[in-house]
Amino acid sequence: MSKSLPSRSENYSEWYNELVKRADLAENSAVRGCMVIKPYGFSIWEKMQRALDDMFKETSHTNAYFPLFIPKSYLSKEASHVEGFAKECAVVTHYRLKNDPNGGGVIVDPEAKLEEELIVRPTSETVIWSTYKNWIQSYRDLPLLINQWANVVRWEMRTRLFLRTAEFLWQEGHTAHSSKQEAIEETEQMLEVYANFAENFMAVPVIKGIKTANERFAGAEETYCIEAMMQDGKALQAGTSHFLGQNFAKAFDVKFLNKENQQEFVWGTSWGVSTRLMGALIMAHSDDQGLVLPPKLAPIQVVIVPIFKGEEQLNNIKSKIDPIVKELRSKGVSVKFDTTDNQSPGFKFAEYELKGVPIRLAIGNRDIENGTIELARRDTKSKQSMPFEGIVDSVVNTLDEIQHAIYQKALDFRTENTHQVNTWEEFQIQIEKGGFISAHWDGTSETEEQIKELTKATIRCIPLDAKEEVGTCVYSGKPSGRRVIFARAY
RNA sequence: CGGGGUGUAGCGUAGCCCGGUAUCGCGCUUGGUUUGGGACCAAGAGGUCGUAGGUUCGAAUCCUGCCACCCCGACCA
């Protein structure tokens, strides 16, 4: 194994692939397109889950679990929904194996064909709405605010660890409401939750917006999204929230009796984020030395590396450090005190940098004599000798600083790489340089498709905060009322 | 599904053209010396050469089929 990673500038995607493996986040599995999420990677995902789940609970949602398998007939009930997912569904056709009479292990028992084939869920709208039909009778049953943490399967042609895998983990919220207005508010609220999570926990700035018809979720009336910029200038959709209108209510006949004793179809939403966020996290902050993790999601926030000769020195260091570890933990800081002696300090430094540990403390005999300790920041690679007294406060403050600093760095990067463009010539030049392009668009799918064909750039979103501004479409020259965000995307 | 590439120890590789059962590095084990930015010495363990068949006295090497994975396209969160 070579010591250093491929560099981002030389080969961004190779850098990403190597980093994911070398930092022990995930690896490819025996099944094509599926990944094994390794303990270190899963710890980060667990932290994401925890933070998000708390936010869902704070907004009155409760968790439940719906089955992995969906009867085939369900999927065909909502026309555009089927169309959107049909091409990437895994199908269960049999329920039994048997020994191959000709030897050679097991074969599918042809006798055991399922009467109705089952689809492995690519998303759960259909099972959930077929269940909601039984749960909802009156306006008093609404709103119904449910989330589930689950795995889903989408049989993708080309996969990449975390960014696009055949099976992935996610959460999907599915809510039902008595009014259109309330459902829209829910959709917007959850988008806000996602944006808040991305910015405050992942330290990734996002643009909140609405998808164009082309990019909209199959079965939704409106798809809201948060879009983030990766260090190669490409966009990554980090979360989506859909206003489903009454589409699924109609498809699954979910009605409620309103206060006026009239039957009405309910209004729905669904919203999700997936293990793809791991990809966003990695690509937003990390450098050629390895991961850079925001303190709020780092499995290990502080690593302490002792520098010692022999057991006596180590014990001496331990007696100083053990109380520090205790105190940090009491303040909710996760600390690893790495006292193993089979690796040199230098090796450990490199290793914890690769894994993105935000703060490293190093302490040796010299420090003990001077009453100091060395504090190194992963994000800036800076290190300084600090007084041993008060180190706990310094660590806590520095963690906070790092959280803000990496957000600011990502925000500055995005600002530098976002350009207003007014002509088609400019557009073609700028898109090759990467980044986001803010430009006028005439609102038609034809134009959007043309631009995609010519430049591989898609409309990432119509920003929610887009100013009303008279302009002309960058491609067609037709009138436009606001700018939209174009980019090449993951 | 098209185009390209690769399968040799846990990982990365040499050998293949020109057949004689396998090279080197990392990692691992044991012992010793080390430790302020990826330590060193010594001794070890570890391989159905992707798979099935063929040619041959003999196949990692030549031939054929199959499988898997990676990269590039069409599809997608």
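Computation of the quantities below employed the complete heavy-atom set of this structure, encompassing side-chain atoms and omitting hydrogens, waters and symmetry-equivalent molecules. Residue numbers start from 1 in every chain, and the chains themselves are labelled A, B, ... in the order their sequence lines are given, proteins ahead of strands.
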Query raised in the report: CG of A:L5 versus P of B:rG12: gap in Å, rounded?
Result: 15 Å

Requested in this report: Return the value, rounded to whole Å, for the distance between atom CD of A:E27 and atom P of B:rA68.
Outcome: 20 Å

Taking the side chain of [X] as heavy atoms from C-beta outward, which of [options] is closest to it?
{"X": "A:D367", "options": "B:rU35, B:rG37, B:rG36", "answer": "B:rG36"}
{"X": "A:K309", "options": "B:rU35, B:rG73, B:rC70", "answer": "B:rU35"}
{"X": "A:E374", "options": "B:rU35, B:rA77, B:rG36", "answer": "B:rG36"}
{"X": "A:R366", "options": "B:rG36, B:rA77, B:rG37", "answer": "B:rG36"}

**Report entry** A:F197 backbone acceptor or donor facing A:N200 side chain under 3.5 Å
**Finding:** no

Report task. Sorted by first residue and then second, give each side chain to side chain donor-acceptor pair (under 3.5 Å) pair with at least one member in residues 381-391 of chain A; sequence neighbours left out. Result -> A:T380-A:S382

Query raised in the report: Is there any side chain to side chain donor-acceptor pair (under 3.5 Å) pair reaching into residues 280-294 of chain A, and which pairs are they, with sequence neighbours excluded?
Result: A:R8-A:D288, A:D287-A:R378

Query raised in the report: Among residues 297-307 of chain A, which residues get a heavy atom nearer than 4.0 Å to RNA chain B?
Result: A:I307

Report summary line: What residues 341-352 of chain A contributes to the RNA chain B interface at heavy-atom separation below 4.0 Å is A:S344, A:P345, A:G346, A:F347, A:F349, A:A350, A:E351

Touch class at under 4.0 angstrom, heavy-atom based, for [X] against every strand present:
{"X": "A:E156", "result": "base"}
{"X": "A:T165", "result": "base"}
{"X": "A:N17", "result": "sugar-phosphate"}
{"X": "A:E353", "result": "base"}
{"X": "A:L163", "result": "base"}
{"X": "A:K21", "result": "nothing"}
{"X": "A:R160", "result": "nothing"}

Query raised in the report: Does the ring centre of A:F248 sit less than 6.0 Å away from the ring centre of A:H81?
Result: yes

Query raised in the report: Is the ring centre of A:Y194 less than 6.0 Å from the ring centre of A:Y224?
Result: no

Requested in this report: May I ask you to test the A:W45-A:L169 pair for a side-chain heavy-atom distance under 4.5 Å?
Outcome: yes

Query - Position toward the 5' end of RNA chain B (nearest nucleotide), A:I373 or A:F217 - result: A:I373

Requested in this report: Please figure out whether A:S29 or A:F162 has its closest RNA chain B nucleotide nearer the 5' end.
Outcome: A:S29

Report task. Starting from the C-alpha separation in whole Å, work towards a yes-or-no answer on side chain to side chain donor-acceptor pair (under 3.5 Å) for A:T269 and A:W271. Result -> CA-CA 7 Å; A:T269 84; A:W271 28 274; 3.3 Å; yes

Query raised in the report: Should stems be defined as at least three consecutive Watson-Crick or G-U pairs with both distances under 3.5 angstrom, which of them involve RNA chain B?
Result: B:1-7 with B:67-73, B:10-12 with B:24-26, B:28-33 with B:39-44, B:50-54 with B:62-66

Report task. Go through the steps for A:Q301 and A:K336 under the test side chain to side chain donor-acceptor pair (under 3.5 Å), then give the verdict. Result -> CA-CA 8 Å; A:Q301 293 171 309; A:K336 178 169 177 179; over 6 Å; no

Report task. If a pair satisfies salt bridge (Lys or Arg N to Asp or Glu O under 4.0 Å) and one of its residues is in residues 74-91 of chain A, list it, with sequence neighbours excluded. Result -> none

